[in-house]
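Scroll down for the structure; my scribbles are underneath it.
Position 1 is the first residue of the sequence, and the numbers go up from there. Indexing begins at 1, ligand by ligand and atom by atom, following the structure's order.
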Amino acid sequence: MAKTLTQSLKPFLAMKLQEKALEMEQSGQRVIKLSIGQPDFTTPDCIIDAAQKAMRDGKTGYTHSLGIWELREGLAEYYATEYGLSLAPERIVITSGSSFGLLMLFEAILDEGDEVIIGNPAYACYENFVRCAGGAARAVPAREEEGFQLDPEKVRAALTPGTRGVIVNSPSNPGGTVMPPENLRALAGLCAEGTADSGPLLISDEIYHGLSYEGQVSSALEFSDNCIVADGFSKRYAMTGWRLGWLVLPEALVPPLNLLLQNFSICAPSVSQWAGLAALKDAGPDTRRMAAEYGRRRLILMDALREAGFGVKSSPSGAFYILADARAFCDDSLLFSYELLEQAKVSVAPGIDFGSGAEGYLRFSYANSVENIQEGMQRIKKYLENR
Ligand SMILES: Cc1ncc(COP(=O)(O)O)c(C=O)c1O
């Protein structure tokens with residue numbers, strides 16, 4: 001029944017594990033969920049208040065397909081304050097989450113068979129977005145010694161005339177690592193010739209900006225005005241369910257995106273857009289509070305993983321993930337994840353979800369309370385000691 005496209009897409013295994021954990025909970029078992037990339041905080045009050053006001057003020061209809069002007073302007077100000085960048089609001093396009101933004105972007109830039117360079121490992125959905133738009137993902141190893149990030153020299157060697165994009169993600173999922181600014185600069189330089197019509201474009205997924213624990217993270221826009229940034233409100237503002245993201249585009253790509261958004265989503269949710277504006281204006285203290293708490297949990301989880309016998313070599317200094325080496329216990333990360341779920345009642349994401357380069361690794365999320373992290377790691381340690 002299903003079309004060839006859906007048959008060719010890879011399942012999102014972290015979500016499958018999460019769904020199984022939920023089923024186990026429904027049958028009365030208590031599962032500690034360290035598998036999912038979702039803040040355990042609820043959306044800050046100032047954002048919820050703004051959403052309620054927007055609803056009461058009747059801001060409940062479709063908006064401009066590119067987003068409300070106030071939010072586009074607010075984001076331009078955000079880039080000025082956070083990165084010292086001067087961006088025209090016209091280049092900022094609001095989308096229903098960064099996921100949908102990325103999908104529409106690839107629809108806009110890829111012709112059948114065009115290649116997009118993706119790290120191995122990388123966020124599991126990139127490959128599917130590219131495939132859905134008719135392109136082909138080209139995996140370039142991003143090993144633990146390289147901080148699970150793309151190395152500019154390896155990217156240079158992998159470029160072909162058919163390369164249309166290079167995706168970077170810093171802080172990253174699954175590695176939780178930050179790309180050194182000199183590498184981001186070098187990649188921006190490699191892609192600098194890319195245009196709306198041809199050549200590789202640097203696509204920087206900056207969804208985990210604001211969640212870094214060892215200093216400020218650079219935006220790719222600091223190194224090239226011609227790159228594309230995908231970002232959103234989900235992670236740093238704890239707004240995953242509001243489905244709100246944005247793209248920063250070279251001017252020439254705004255009309256094609258406009259056309260796609262008009263047709264495929266009409267607009268991003270209107271109430272979420274007004275809420276997003278309040279997030280930019282008022283939720284700075286909340287994001288700092290949440291980031292400080294993630295930072296504390298990161299150290300606790302890192303210690304507990306090492307104590308339980310997992311390897312944590314790279315420095316997970318951003319997002320809320322640690323990609324831990326589990327090869328002392330397994331060589332099949334999917335089987336091992338199911339084993340930990342069923343036996344220790346802890347859900348984690350299997351490394352293989354993110355590419356063959358993370359096989360033998362498990363991704364632990366610290367978007368969970370200190371109590372749950374400690375209990376989850378106790379359960380795993382005890383289970384492995386008696387295994
Ligand atoms: C690296 C990365 N990019 C994009 C997304 C999608 O975020 P959203 O669609 O909620 O903006 C995620 C979600 O986990 C992610 O980890």
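Residues meeting the ring-ring contact (aromatic ring centres under 6.0 Å, His included) test with Y338, sequence neighbours left out: none. For the ring-ring contact (aromatic ring centres under 6.0 Å, His included) test, no residue two or more places apart in sequence or in another chain qualifies with F354. Residues that satisfy the ring-ring contact (aromatic ring centres under 6.0 Å, His included) test with Y126, not counting sequence neighbours, are Y123.
In this structure, a donor-acceptor pair under 3.5 Å is present between the side chains of S172 and T177. If you check the side chains of Y208 and R236, you find no donor sitting under 3.5 Å from an acceptor.
Ordered by chain and residue number, the residues placing a heavy atom less than 4.0 Å from ligand 1 are G97, S98, S99, Y123, Y126, N169, N173, D205, I207, Y208, S234, K235, R243.
Classification of R131 and E127 as a salt-bridged pair holds, one side-chain N sitting under 4.0 Å from a carboxylate O.
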